Protein chains: 2
Amino acid sequence: MKKTVITFGLLILSLLVLFQISKYAFVSGDLKIELVIAIVAIVFFIIGVYLNKRSLHQERLPEREIDLTKVKALDLSDREYEVLKEISLGLSNKEIGDKLFLSESTIKTHVSNILLKLNAKRRTQAIQIAKEMHIL
Amino acid sequence: MKKTVITFGLLILSLLVLFQISKYAFVSGDLKIELVIAIVAIVFFIIGVYLNKRSLHQERLPEREIDLTKVKALDLSDREYEVLKEISLGLSNKEIGDKLFLSESTIKTHVSNILLKLNAKRRTQAIQIAKEMHIL
DNA sequence: ATCCGTCTCATACTAAAGTACCAAAATGAC
DNA sequence: GTCATTTTGGTACTTTAGTATGAGACGGAT
């Protein structure tokens, strides 16, 4: 909300400044009126694009872009997060072990810890929870 | 590509039109120069917002909605698809059975058929495959 | 040096998941 | 009505998944 007020304030301010410049240019005759209008047009075009991108970017953030901050907040270790990603790819414990050059026992330990930390009962639920938190 | 050319053509055209209007207004003295600049600013601001929204909208399209056509193509029956959705929510066979008022045996049968039709070895893999096909 | 956290692995166990095979009831098409 | 498909459910069995517990190795912090 504060940012919106600030940006719109700056927008109005720049508009007034352009008014003054144009008036001065008109009186002094240094600048041609076409040039002033062209500059105004370009500047406001860019402002429009920029503001729009900002607002749309905020809308899009919820979808996509993994939030690694939350991984730390959940106390998930590097290995655990790595295993979590493999789980979401649909691999079995055995397959994950082979892929990461670890024993199945190790993967089971990691999986158990993941389920505890994500508060999930099953690996499928862990996937769902992780995706909801934008960790995957 | 064609649309881009057309929109930029119209953009340049409107710029020229505004030049003419401003020049005419300047000569005739009907319009104040501030007003002309303000109109130019507003118009190009709107154009900027509009063009940006259009281009960003196209980027977002690829993440589309569920494709029910492919559900049929995979030979998934209504019940099977329903069970598949519950699996992706992380529910166990027992829980799915309770939710849909069916026995666990029935769910197991459905799950086995789903795995066959999706060519998956595990339910986690089925989730991954289904999401890749935009079925979930 | 000691403590802490992570990573590793093992054994033993329980609980789900998944397969195979069968079969009855319901549904809709012909 | 007959036929094919779907839906439902069961038994018996194998395979994964997940829990509990313990323990050695290793690196970083105090």
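Hydrogens, waters and symmetry mates are skipped; everything else that's a heavy atom, side chains included, is used. Nothing here was measured: the structure is a model prediction, and the numbers come from that model. Residue numbers begin at 1 in each chain, while the letters A, B, ... track the order of the sequences.
Residues passing the salt bridge (charged side-chain N to carboxylate O under 4.0 Å, His left out) test with A:K99, sequence neighbours excluded: A:E86. Remark: B:E104 pairs with no residue by the salt bridge (charged side-chain N to carboxylate O under 4.0 Å, His left out) rule, at least two apart or across chains. Listed by chain and residue number, B:K117 satisfy the salt bridge (charged side-chain N to carboxylate O under 4.0 Å, His left out) test with B:E80 (two or more places apart in sequence, or in another chain). Every side chain to side chain contact (heavy atoms under 4.5 Å, CB included) that B:Q128 has, sequence neighbours left out, goes to A:L89, B:E132. Qualifying salt bridge (charged side-chain N to carboxylate O under 4.0 Å, His left out) partners for A:K85, counting only residues two or more places apart in sequence or in other chains: none. Under the side chain to side chain contact (heavy atoms under 4.5 Å, CB included) criterion, A:S112 pairs with no residue at all, not counting sequence neighbours. Not counting sequence neighbours, the partners of B:L115 by the side chain to side chain contact (heavy atoms under 4.5 Å, CB included) test are B:V111, B:A120, B:A126. Take B:N113 and apply the side chain to side chain donor-acceptor pair (under 3.5 Å) test, not counting sequence neighbours, and it matches no residue.
Atoms CG (A:L76) and P (C:dG5) sit 16 Å apart, rounded to a whole Å. Atom CD1 of B:I127 and atom P of C:dA17 are 11 Å apart (whole Å). Computed from coordinates, the A:E80 CD to C:dT8 P distance equals 10 Å when rounded to whole Å. The separation between B:E82 atom CD and D:dT6 atom P is 15 Å, rounded to whole Å. B:I114 has its CD1 atom 13 Å from the P atom of C:dA17, to the nearest Å. As rounded to whole Å, 10 Å separates atom P of D:dT7 from atom CG of B:L102. The CD atom of B:Q125 sits 14 Å away from the C1' atom of C:dA17 (whole-angstrom rounding). B:D78 places its CG atom 6 Å from the P atom of D:dT7, with the value rounded to the nearest Å.
Applying the 4.0 Å criterion to OP1 and OP2 of C:dG5, one finds that A:S77 has every side-chain N and O outside that range. Using a 4.0 Å cut-off, no side-chain N or O of A:H110 falls inside it from OP1 or OP2 of C:dC7.
A donor-acceptor contact under 3.5 angstrom links the side chains of B:S103 and B:T106, judged on distance only.
For the helix from C:dA1-D:dT30 to C:dC30-D:dG1, the angle separating the two terminal helix axes comes to 50°, with each axis derived from five pairs and the value rounded to 10°.
Sorted by first and then second residue, the pairs that involve residues 87-97 of chain A and meet salt bridge (charged side-chain N to carboxylate O under 4.0 Å, His left out), not counting sequence neighbours, are A:K94-A:D98, A:E95-B:K121, A:E95-B:R122.
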If the sugar-phosphate is the primed atoms plus P, OP1 and OP2 and the base is the rest, what is the B/S/- string for nucleotides 10-30 of chain D, using protein heavy atoms under 4.0 Å?
BB-----BBB-----------
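A 4.5 Å side-chain heavy-atom check between B:Y81 and B:L74 finds every atom pair outside the cut-off.
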Please enumerate all protein N or O atoms sitting under 3.5 Å from an N or O of nucleotides 24-30 of chain C, with distances to 0.1 Å.
none

